[in-house]
Amino acid sequence: MTTTPHPQTGETQGTDPTVATGPAGHRGVLFAMCLALVLVVASVSALNLALPDLAIDLSASNSDLTWIADAYTVALAALVLPLGAIGDRLGRRNVLIAGTVVFGAASLAASFADSTSTLIAWRAVMGLGAAMIMPGTLSTITAAFPPEQRAKGVATWSGFAAAGAIIGMLAAGALLEQFSWRSIFVTSAAVALAAALAAVLLAPNTKDSHPHRPDVAGAVTTALGIGTLVFGIIEGNEKGWTEPVVIGAFAVTVLSFAVYGYLGLRTEHPLLDPALFGIPGFRAGAVTVLVQFMAVFGFFYVGLQYLQLILDYSPFKAAAALVPVAAVVLPTSQLTPHLVRRAGMKAVMVVGLVLLASGLFLISLLDVGSGYLPFLGGLVLCGFGIGLTGAVGTAAITGSLGRGQQGVASAMNDTTREVGSAVGIALMGSIYGSHYRSSLPDSVRQLPAEAAESVEHSAAAGLYVADRLGTQGAALAEGVKSAFMDGLSASLIAVTAVVLAAAIGCLFRAPKTPPTAD
């Protein structure tokens with residue numbers, strides 16, 4: 001049966017949504033969804049460049065800065081799965097547009113924040129809006145595109161999902177050259193308005209034509225499990241892994257997922273059927289996406305510091321130095337569906353993960369005097385790996401569920417991305433920090449207590465102290481930079497090992513061909 005959007009509501013009629021598009025056709029749908037996607041992804045990374053300004057302007061402590069950056073991610077990761085299911089029921093475009101309103105209003109309010117607690121609260125509300133937006137972007141594409149064009153649409157989405165982080169940092173760097181950190185939030189609010197208008201004008205309102213009773217227990221347990229997992233990772237990295245609040249968070253995580261699995265296997269229509277993890281393609285796709293984002297955002301965390309602290313780049317120049325990743329990721333993502341048809345899903349997954357690991361390992365070999373060109377070589381290898389793994393992993397997840405469940409499928413894809421990002425930052429941040437402190441020269445102990453504590457706290461503070469010592473600070477600056485590179489190398493080697501382990505797992509467990517559930 002052929003379907004068309006309702007002439008007034010834009011909602012698809014009938015049960016075959018393969019030709020459901022907005023008035024501008026598939027290109028219009030793709031533009032609208034990718035614009036909304038970039039809004040969400042860019043907001044994860046854009047604020048990283050403004051953290052030093054926030055520390056001064058709002059007198060933010062290191063813990064405050066962590067939560068200013070991550071309150072958004074916690075809310076997004078915890079809520080994206082149940083809100084994807086709501087979009088399946090109420091209409092994906094409807095929920096996406098509502099999300100842009102919430103996101104834009106919270107972003108505008110955040111631009112007026114005069115305290116860290118206020119800014120953290122508005123960042124969490126932005127995360128709620130992002131969780132409403134994110135599932136609708138991918139699920140609208142997979143539901144609206146016919147089978148022969150769906151792989152290309154998913155590949156384009158995946159490319160912008162990876163490039164969006166670079167776009168966000170580049171825009172933030174440009175804004176910070178002329179304006180304060182508040183301009184980042186004002187700009188995000190304006191882009192949210194543009195994304196809402198594009199969705200209204202260009203996208204259809206697809207939904208599950210046969211919705212089931214909502215799985216409230218599944219929504220609560222997955223949101224609680226994911227939220228406490230991300231919370232535990234962030235607090236463990238900041239306060240220590242043996243703190244009672246951290247242990248308690250992980251205990252709640254384990255209990256929540258255990259209850260989710262138990263109830264999910266006994267519920268007729270669960271939010272996300274635990275049995276899906278028994279499907280090799282779904283499982284391989286989830287692992288691939290999680291590991292990719294763990295590596296990417298962990299790398300951004302330490303890589304930006306290398307550019308700013310070791311190469312002395314400005315915020316905009318540091319962001320621009322990462323643009324080659326986006327330049328490689330986008331065309332590689334477009335090529336991935338063709339490679340999957342020629343070589344198979346397993347081969348593309350494994351090669352992509354190996355390229356990503358190779359790029360990270362190459363960067364781990366740098367020293368203080370290496371400069372940008374060797375860094376660029378590793379960056380390009382990472383870009384090829386990201387383009388391959390992101391597209392094929394996303395296609396494996398979405399292909400495992402029918403079109404009526406694409407909100408949940410895309411939300412699961414988004415969840416693995418956000419959890420992977422949090423794990424990557426926590427893992428690489430912890431390893432970097434411990435190796436940096438242990439590699440500092442003994443002369444640091446001879447400094448006044450307050451200065452020594454600042455040097456041990458971060459490389460940025462160490463270089464600030466060295467600069468205040470004049471000519472006597474040259475040796476300290478050299479020692480701080482050397483310690484930073486030791487921490488950078490150790491953190492990159494650790495994540496390289498994780499990516500290689502995932503590649504080996506995919507080699508033996510991933511199916512050759514992608515799933516094609518409808």
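Side-chain atoms are counted along with the backbone in the values below, which use heavy atoms only and exclude waters and symmetry mates.
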Full working for side chain to side chain contact (heavy atoms under 4.5 Å, CB included) between Leu175 and Val186: CA-CA 11 Å; Leu175 289 169; Val186 174; over 6 Å; no
Within the 4.5 Å heavy-atom criterion, are [X] and [Y] side-chain neighbours or not?
X: Thr187; Y: Phe179; result: no
X: Phe300; Y: Met428; result: no
X: Arg93; Y: Pro204; result: no
X: Arg342; Y: Leu339; result: no
X: Cys382; Y: Leu360; result: yes
X: Gln334; Y: Thr156; result: yes
X: Ser111; Y: Trp122; result: no
X: Met294; Y: Val495; result: yes

Got a donor-acceptor contact below 3.5 angstrom from the [X] side chain to the [Y] backbone?
X: Thr118; Y: Asp114; result: no
X: Arg123; Y: Tyr72; result: no
X: Asn94; Y: Asn205; result: no
X: Thr222; Y: Ala219; result: yes
X: Arg283; Y: Phe277; result: yes
X: Ser139; Y: Pro135; result: yes

Using every non-hydrogen atom in the two residues, find where [X] and [Y] come nearest and quote the distance to one decimal.
X: Ser45; Y: Ala165; answer: OG-O, 2.7 Å
X: Ser43; Y: Met126; answer: OG-CE, 4.5 Å
X: Gly104; Y: Ala192; answer: CA-CB, 3.8 Å
X: Thr100; Y: Ala196; answer: OG1-CB, 3.2 Å
X: Val40; Y: Ala130; answer: CG1-CB, 3.8 Å
X: Ala36; Y: Ala195; answer: CA-CB, 4.1 Å

Ring centroid separation Phe231 to Trp67 under 6.0 Å: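 Phe231 vs Trp67: aromatic centres under 6.0 Å.
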For the atom pair [atom1] ([X]) and [atom2] ([Y]), what is the distance rounded to the nearest 0.5 Å?
X: Leu197; Y: Ile97; atom1: CG; atom2: CD1; answer: 9.0 Å
X: Leu76; Y: Thr73; atom1: CG; atom2: OG1; answer: 6.5 Å
X: Leu388; Y: Leu335; atom1: CG; atom2: CG; answer: 7.5 Å
X: Cys34; Y: Leu138; atom1: SG; atom2: CG; answer: 9.5 Å
X: Leu322; Y: Ile166; atom1: CG; atom2: CD1; answer: 4.5 Å
X: Ile363; Y: Phe375; atom1: CD1; atom2: CZ; answer: 5.0 Å

Over 12 foreign heavy atoms within 6.0 Å of CZ, Phe257: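 Result for CZ/Phe257: enclosed.
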Any donor-acceptor N or O pair under 3.5 Å, side chains Thr389, Thr288: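 Thr389 vs Thr288: no donor-acceptor pair found between side chains.
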Steps toward side chain to side chain contact (heavy atoms under 4.5 Å, CB included) verdict (Val125, Phe103): CA-CA 7 Å; Val125 178; Phe103 185 102; over 6 Å; no
CA sep, side-chain torsions, deciding dist, call: Leu47, Phe185, side chain to side chain contact (heavy atoms under 4.5 Å, CB included): CA-CA 9 Å; Leu47 207 59; Phe185 291 102; 3.8 Å; yes
Partner residues of Ala321 under the side chain to side chain contact (heavy atoms under 4.5 Å, CB included) criterion, sequence neighbours left out: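 With neighbours one apart ignored, the set is Leu307, Tyr313, Tyr372.
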CA sep, side-chain torsions, deciding dist, call: Arg417, Val41, side chain to side chain contact (heavy atoms under 4.5 Å, CB included): CA-CA 10 Å; Arg417 290 169 181 267; Val41 176; over 6 Å; no
